[in-house]
Peer 1: 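My questions will all concern the structure given below.
Throughout, a chain's letter reflects where its sequence line sits, starting with A, and its residues are numbered from 1.
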There are 2 protein chains.
Amino acid sequence: MTKARKAILEALKASVQPVTAMMLAKEPSLSYDQATVYRNLHYLEELGMAQSFILHCTEHGTERYYSYRGADCGIHHHWFHCEKCHRFIDLGSCGYDEQMHAWEKKWDFTITDHTFFLTGICSACKA
Amino acid sequence: MTKARKAILEALKASVQPVTAMMLAKEPSLSYDQATVYRNLHYLEELGMAQSFILHCTEHGTERYYSYRGADCGIHHHWFHCEKCHRFIDLGSCGYDEQMHAWEKKWDFTITDHTFFLTGICSACKA
DNA sequence: GGAAAATTTGCGAATGACTTGCAAATTTTT
DNA sequence: AAAAATTTGCAAGTCATTCGCAAATTTTCC
Ligand SMILES: [Mn+2]
Ligand SMILES: [Mn+2]
Ligand SMILES: [Zn+2]
Ligand SMILES: [Zn+2]
């Protein structure tokens with residue numbers, strides 16, 4: 001595992017919030033080329049150490065957000081995103097296995113992935 | 001309501017599957033400028049006559065898909081997308097109001113939107 | 001350990017969906 | 001039907017992400 005790879009993985013692990021490739025690329029403590037960041041995030045996701053989703057927000061446009069998933073290819077999470085302060089709230093581990101199995105049975109398709117997230121205004125920003 | 005607007009709305013209504021702005025712009029029977037298509041899709045969504053979601057597929061990249069939502073601002077739907085034949089399967093109207101209300105209560109945030117879709121291989125493509 | 005092979009990196013240029021400025025055309029208002 | 005308001009087409013711009021390629025790093029093999 002290369003130095004860049006390890007550093008990017010550590011940054012992901014350290015972050016409480018999902019982060020974009022750009023955020024990592026601009027992080028002064030990392031300072032790897034954006035192409036390197038993008039390539040390594042792909043790699044880490046393929047490996048199962050990271051998960052991502054694409055989110056569009058008026059202020060920041062359309063970007064892919066990454067979060068850590070552990071060496072044990074840990075739990076798949078879902079998030080709420082505040083459109084005012086742009087923070088994410090972890091909704092906890094995914095609880096849709098049952099529903100998705102039911103759909104697979106009903107339609108006879110095979111689900112390889114699912115995307116779910118919420119957007120709105122967080123408690124702090126309402127006040 | 002302008003001619004372009006009406007034509008784009010009709011095209012949306014006529015389509016069984018969610019469509020991208022590009023698909024509509026390239027449709028020979030429409031032949032409106034892409035900027036016009038994009039602008040009108042925004043308009044229709046704001047009006048509540050259309051709904052959209054961003055989906056990434058390896059073959060076609062990242063694009064926003066639109067579907068019709070009725071004059072009565074009809075029901076919000078969710079979809080399964082086949083990564084082989086690129087067809088969508090309508091999973092029916094959204095059944096997450098209850099769960100989302102529970103989350104709103106738990107976290108004290110206000111949900112303004114939610115995104116949910118599945119990707120995988122459809123029945124026909126498995127065979 | 002050290003040379004050769006395989007992989008990764010940085011840089012700069014390209015891609016592609018989507019947006020925007022502006023003048024002309026259409027639609028709405030009066 | 002003229003004036004005011006909105007929308008359209010075109011061309012150029014934006015921005016996240018990707019790609020080609022030569023140099024640098026990491027891994028493999030002896
Ligand atoms: Mn945001
Ligand atoms: Mn597809
Ligand atoms: Zn907030
Ligand atoms: Zn299929």
Peer 1: Can you figure out which of D:dC19, D:dA16, D:dC10 approaches the side chain of A:Ala35 most closely?
Peer 2: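 It is D:dC19.
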Peer 1: Given D:dG9, C:dC11, D:dA16, identify the nucleotide with an atom nearest to the side chain of B:Tyr32.
Peer 2: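 The closest nucleotide is D:dG9.
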Peer 1: Not counting sequence neighbours, which residues clear ring-ring contact (aromatic ring centres under 6.0 Å, His included) with A:His77? List them please.
Peer 2: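 Scan of A:His77 (ring-ring contact (aromatic ring centres under 6.0 Å, His included), adjacent residues dropped) gives none.
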Peer 1: Atom OH of B:Tyr43 to atom P of D:dA5: distance rounded to whole Å?
Peer 2: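 In whole Å, D:dA5 P lies 17 Å from B:Tyr43 OH.
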Peer 1: Taking DNA chain C as the partner, which of residues 46-65 of chain B come within under 4.0 angstrom of it by heavy atom?
Peer 2: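 Nucleic-acid contacts, sorted: B:Thr62, B:Glu63, B:Arg64.
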Peer 1: All N/O contacts under 3.5 Å from nucleotides 21-29 of chain D to the protein, with atom names and distances to one decimal?
Peer 2:
residue	atom	partner	partner atom	Å
D:dT27	OP1	A:Met1	N	2.7

Peer 1: Classify the angle between the aromatic ring planes of B:His86 and B:His60 as parallel (below 30°), tilted (30 to 60°) or perpendicular (above 60°).
Peer 2: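 B:His86 and B:His60: perpendicular rings.
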Peer 1: Determine the minimum heavy-atom distance between A:Leu24 and A:Ala11, stating which atoms define it.
Peer 2: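 Heavy-atom minimum between the residues: CD2-CB, 3.9 Å.
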Peer 1: I want to check one thing: is the phosphate of D:dT17, taken as OP1 and OP2, less than 4.0 Å away from some side-chain N or O of A:His42?
Peer 2: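 Looking at the OP1 and OP2 atoms of D:dT17, neither is under 4.0 Å from any side-chain N or O of A:His42.
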Peer 1: Using the benzene-type ring in the case of Trp, are the ring centres of B:His78 and B:His114 under 6.0 Å apart?
Peer 2: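 Close enough - the centres of the two rings lie under 6.0 Å apart.
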Peer 1: Please determine, for the side chain of A:Ala21, which listed nucleotide (D:dT8, D:dT17, C:dT9) has the closest atom?
Peer 2: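 Of all the options, the side chain of A:Ala21 is nearest to D:dT17.
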Peer 1: So if I take the C1' atoms of five pairs at each end of the helix from C:dG1-D:dC30 to C:dT30-D:dA1 and get each local axis, what angle do the two axes make, rounded to 10 degrees?
Peer 2: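 End-to-end axis angle: 40°.
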Peer 1: Looking only at heavy atoms, which two atoms of A:Ile111 and A:Glu104 are closest? And how far apart?
Peer 2: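 Here A:Ile111 and A:Glu104 meet closest at N-OE2, 2.7 Å.
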Peer 1: Can you tell me how far CG of B:Leu47 sits from CE of B:Met1, rounded to the nearest 0.5 angstrom?
Peer 2: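 Between B:Met1 CE and B:Leu47 CG, I get 6.5 Å after rounding to 0.5 Å.
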Peer 1: Considering non-hydrogen atoms only, spot the tightest contact between B:Tyr68 and B:Leu9 and give its length.
Peer 2: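 Smallest heavy-atom distance, with atoms named: CE1-CD1, 3.8 Å.
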Peer 1: Using a 4.5 Å cut-off between side-chain heavy atoms of Ile, Leu, Val, Met, Phe, Trp and Tyr, which other residues end up in the same hydrophobic cluster as A:Ile121?
Peer 2: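 Listed partners: none, A:Ile121 stands alone.
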Peer 1: Identify all pairs in which a protein N or O lies below 3.5 Å from an N or O of nucleotides 1-4 of chain D, and state each distance.
Peer 2:
none

Peer 1: Looking at B:Tyr38, does any N or O in its side chain come under 4.0 Å of the phosphate oxygens OP1/OP2 on C:dT19?
Peer 2: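 Answer no for this pair, as no side-chain N or O of B:Tyr38 is under 4.0 Å from OP1 or OP2.
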Peer 1: Measure across A:Ile89 and A:Cys122 and return the closest heavy-atom pair with its distance rounded to 0.1 Å.
Peer 2: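 Minimum heavy-atom contact is CD1-CB, 4.5 Å.
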Peer 1: What orientation do A:Phe88 and A:Trp79 show, parallel under 30°, tilted 30 to 60°, or perpendicular over 60°?
Peer 2: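 Aromatic pair A:Phe88/A:Trp79 classed perpendicular.
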Peer 1: Can you tell me how far C1' of C:dA6 sits from CZ of A:Arg5, to the nearest Å?
Peer 2: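 One finds 12 Å between C1' of C:dA6 and CZ of A:Arg5, rounded.
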Peer 1: Would you find more than 12 non-hydrogen atoms of other residues, nucleotides or ligands less than 6.0 Å from A:Lys126 atom NZ?
Peer 2: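 For A:Lys126, atom NZ is crowded (more than 12 foreign heavy atoms under 6.0 Å).
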Peer 1: For the pair made of CG in A:Asp33 and P in C:dA13, what is the distance, rounded to whole Å?
Peer 2: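 Taking atom P of C:dA13 as the reference, CG of A:Asp33 is at 13 Å.
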Peer 1: OG1 of A:Thr62 to CD1 of B:Ile54: how many Å apart, nearest 0.5 Å?
Peer 2: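 So the OG1 of A:Thr62 and the CD1 of B:Ile54 are separated by 4.0 Å.
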Peer 1: Could you grab the distance from atom CG of B:Leu55 to atom CD of B:Glu63, nearest 0.5 Å is fine?
Peer 2: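 So the CG of B:Leu55 and the CD of B:Glu63 are separated by 9.5 Å.
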Peer 1: Atom CD of B:Gln99 and atom CD of A:Gln99: how far apart are they, to the nearest 0.5 Å?
Peer 2: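 Answer rounded to 0.5 Å: 11.0 Å.
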Peer 1: What is the separation between atom CG on A:Asn40 and atom C1' on C:dT8, rounded to the nearest whole Å?
Peer 2: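 So the CG-C1' distance, A:Asn40 to C:dT8, works out to 8 Å.
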Peer 1: Just how far, in rounded Å, is P of D:dT17 from CE of A:Met23?
Peer 2: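 Those two atoms, CE and P, are 11 Å apart.
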